[in-house]
Amino acid sequence: MSNRILRALGLVAVSVVAACATPRPEAPTDHFVIGVAGPMSGLYATFGNQMRAGAKQAVDDINAEGGVLGKRLVVEIGDDQCDPRRAVTVANEFARKAVVFVAGHFCSGASIPAAQVYEKEKIVMISPASTNPKLTEMGLDNVFRVVGRDDEQGVVAGDYLANNFPNQKIAILHDGTRYGAGLARDAKEQLNRRGAVETIYQRFTAGERDYSTLVSQLKSAGIDVVYLCGYHTEAALIIREAHNQGFKPQLLAGDALVTEEFWAIAGGAGDGTMMTFVPDPRRIPDASDIVRKFRARNVEPDGFTLYTYAAIQAWAQAAAKAGSTDIHSITAALRSNRFGTVFGRIGFDDKGDVIGIDGFVWYIWRNGRYDQM
């Protein structure tokens with residue numbers, strides 16, 4: 001999901017790199033190495049920080065209970081910056097370090113090429129965040145996710161637009177990434193199926209700092225509602241610029257706004273912004289003890305923090321059921337069992353999509369916080 005690099009590279013360039021599988025070293029005898037991969041630096045580092053925090057707490061808790069198959073877990077962090085080339089590099093580096101499981105990646109544009117490396121290297125991958133449908137439609141046995149899909153999220157958004165903004169001018173904007181473009185397409189298709197037609201359907205350039213021209217275009221067109229399919233930085237800059245121009249459309253967005261950085265950039269202009277995200281596990285009574293552990297460390301387990309925690313929980317329990325970290329044993333266990341996680345009991349279907357988590361719901365930003373509606 002990194003912007004111009006993603007568009008230029010696609011899967012062709014990265015698949016050449018992915019084809020060069022590296023001989024795997026002997027696994028350590030006293031511990032298992034698991035990888036956590038995401039944007040640990042760069043524009044979307046806030047999400048990498050969420051993943052890192054979730055992984056640290058999960059590993060600490062699992063190790064305190066005796067580890068996995070009698071061995072402790074050690075975490076290896078991989079920084080892909082949501083870039084597909086970097087994701088492939090991270091994946092190959094994980095293979096060289098005898099990683100047996102990866103919680104990641106975050107961005108769909110990184111997860112998709114990395115998944116192909118992991119298949120060759122016989123490494124199980126569970127993404128806590130990648131929502132593009134293609135990730136689990138490639139037919140790779142080693143790929144799973146604990147989050148919903150954009151073809152589900154887009155339907156929720158399209159229905160909401162049709163139900164709540166009849167006869168109003170709607171703009172659907174996307175950043176051209178696998179995540180943004182796919183979500184925009186699915187929302188548009190559902191909106192059109194409902195008999196409504198958007199006024200503007202347009203791509204914007206991610207990573208820019210000045211969106212005054214785009215905002216002026218929206219204002220001139222009399223747009224009432226903007227459905228933005230991209231990341232929190234651009235969404236915040238666009239809505240802030242709109243308010244600077246005295247233009248106050250309703251802003252709706254997808255699940256990439258679940259970070260306090262959105263409000264830090266948008267300020268009061270972000271008030272009333274709505275977004276779709278999977279249900280907040282912090283609200284689940286069974287998660288209360290885990291949430292308290294995070295907060296005792298001065299970590300608020302927002303966004304994808306607990307989704308990373310759950311991905312590691314599911315893999316660890318699958319290894320225990322399989323009695324092995326062998327990829328075939330683990331994947332069979334993941335597809336044939338339910339696992340107790342911070343969300344409650346979950347499983348995976350034949351494609352690797354999660355079972356047991358409710359679909360996307362709406363959240364709203366008010367006074368610097370987002371809450372489920």
Side-chain angles (χ1 to χ4, degrees), residues 1-2 27-28 31-42 44-64 67-68 71-84 86-115 117-118 121 123-131 135 142-147 258-259 281 290 293-294 297 299-319 325 327 330 334 339 341-343 352 354:
M1 298 192 224
S2 171
H31 65 273
F32 291 119
V33 182
I34 68 170
V36 177
M40 304 299 166
S41 65
Y44 309 125
T46 183
F47 298 114
N49 290 334
Q50 291 174 356
M51 295 174 69
R52 190 198 305 264
K56 176 176 173 49
Q57 188 65 59
V59 166
D60 285 354
D61 290 346
I62 291 169
N63 285 341
V68 172
K71 296 184 181 182
R72 63 190 177 90
L73 299 182
V74 174
V75 178
E76 184 73 27
I77 301 294
D79 181 11
D80 64 21
Q81 295 187 359
C82 280
D83 178 307
R86 288 179 180 269
V88 168
T89 299
V90 166
N92 282 312
E93 186 65 20
F94 279 171
R96 285 191 289 271
K97 293 181 177 180
V99 166
V100 296
F101 160 68
V102 175
H105 295 222
F106 178 79
C107 296
S108 296
S111 284
I112 290 169
V117 177
Y118 298 136
E121 300 290 355
I123 299 171
V124 174
M125 162 186 172
I126 304 179
S127 173
S130 294
T131 52
L135 179 62
N142 64 310
V143 176
F144 301 82
R145 60 176 143 209
V146 291
V147 70
V258 289
T259 167
I290 294 171
K293 289 181 181 180
F294 278 101
R297 289 179 162 177
V299 173
E300 182 57 37
D302 59 348
F304 296 93
T305 306
L306 292 174
Y307 284 82
T308 305
Y309 189 104
I312 296 172
Q313 281 183 304
W315 173 83
Q317 291 172 42
T325 60
I327 186 172
I330 290 283
L334 285 168
F339 307 98
T341 73
V342 69
F343 307 136
V354 69

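The figures here come from the full heavy-atom set of this structure, side chains too, leaving out hydrogens, waters and symmetry mates.
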Could you grab the distance from atom [atom1] of [X] to atom [atom2] of [Y], nearest 0.5 Å is fine?
| X | Y | atom1 | atom2 | value |
| --- | --- | --- | --- | --- |
| Ile62 | Arg72 | CD1 | CZ | 14.0 Å |
| Asp61 | Lys56 | CG | NZ | 10.0 Å |
| Ser111 | Ile126 | OG | CD1 | 12.0 Å |
| Gln317 | Leu334 | CD | CG | 10.0 Å |
| Arg52 | Thr308 | CZ | OG1 | 11.5 Å |

Can you name the closest pair of heavy atoms from [X] and [Y] and give their distance?
| X | Y | answer |
| --- | --- | --- |
| Val99 | Gly35 | CG1-N, 3.5 Å |
| His105 | Ser130 | O-OG, 3.3 Å |
| Pro39 | Asp80 | N-OD1, 3.4 Å |
| Val90 | Gly78 | CG1-CA, 3.8 Å |
| Ala95 | Ile123 | CA-CD1, 4.1 Å |
| Ala87 | Ala114 | O-CB, 4.1 Å |

Can you list the residues that meet the side-chain hydrogen bond (donor to acceptor under 3.5 Å, both in side chains) rule with Arg297, with sequence neighbours excluded?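 Gln57, Asp60.
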
Can you find a heavy atom in the side chain of [X] that is under 4.5 Å from one in the side chain of [Y]?
| X | Y | result |
| --- | --- | --- |
| Asp79 | Gln81 | yes |
| Val100 | Ile34 | yes |
| Phe339 | Trp315 | no |
| Asp302 | Gln50 | yes |
| Pro301 | Lys293 | no |
| Thr259 | Phe47 | yes |
| Thr341 | Tyr309 | no |

Please check: side-chain N/O of Asn63 versus main-chain N/O of Leu73, any donor-acceptor pairing under 3.5 Å?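 Here the side-chain-to-backbone pair exists.
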
So, does Glu121 use its side chain to make a donor-acceptor pair with the main chain of Phe94 at under 3.5 Å?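 Judged by distance alone, no pair lies under 3.5 Å.
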
Are Tyr44 and Phe106 an aromatic pair, judged by ring center distance below 6.0 Å?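 Judged by ring-centre distance (under 6.0 Å), Phe106 and Tyr44 do not meet the cut-off.
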
Report the C-alpha distance between Phe294 and Leu306 in whole Å, list the side-chain angles of each, state the deciding distance to 0.1 Å, and finish with yes or no for side-chain contact (heavy atoms from CB on, under 4.5 Å). CA-CA 10 Å; Phe294 278 101; Leu306 292 174; 3.5 Å; yes

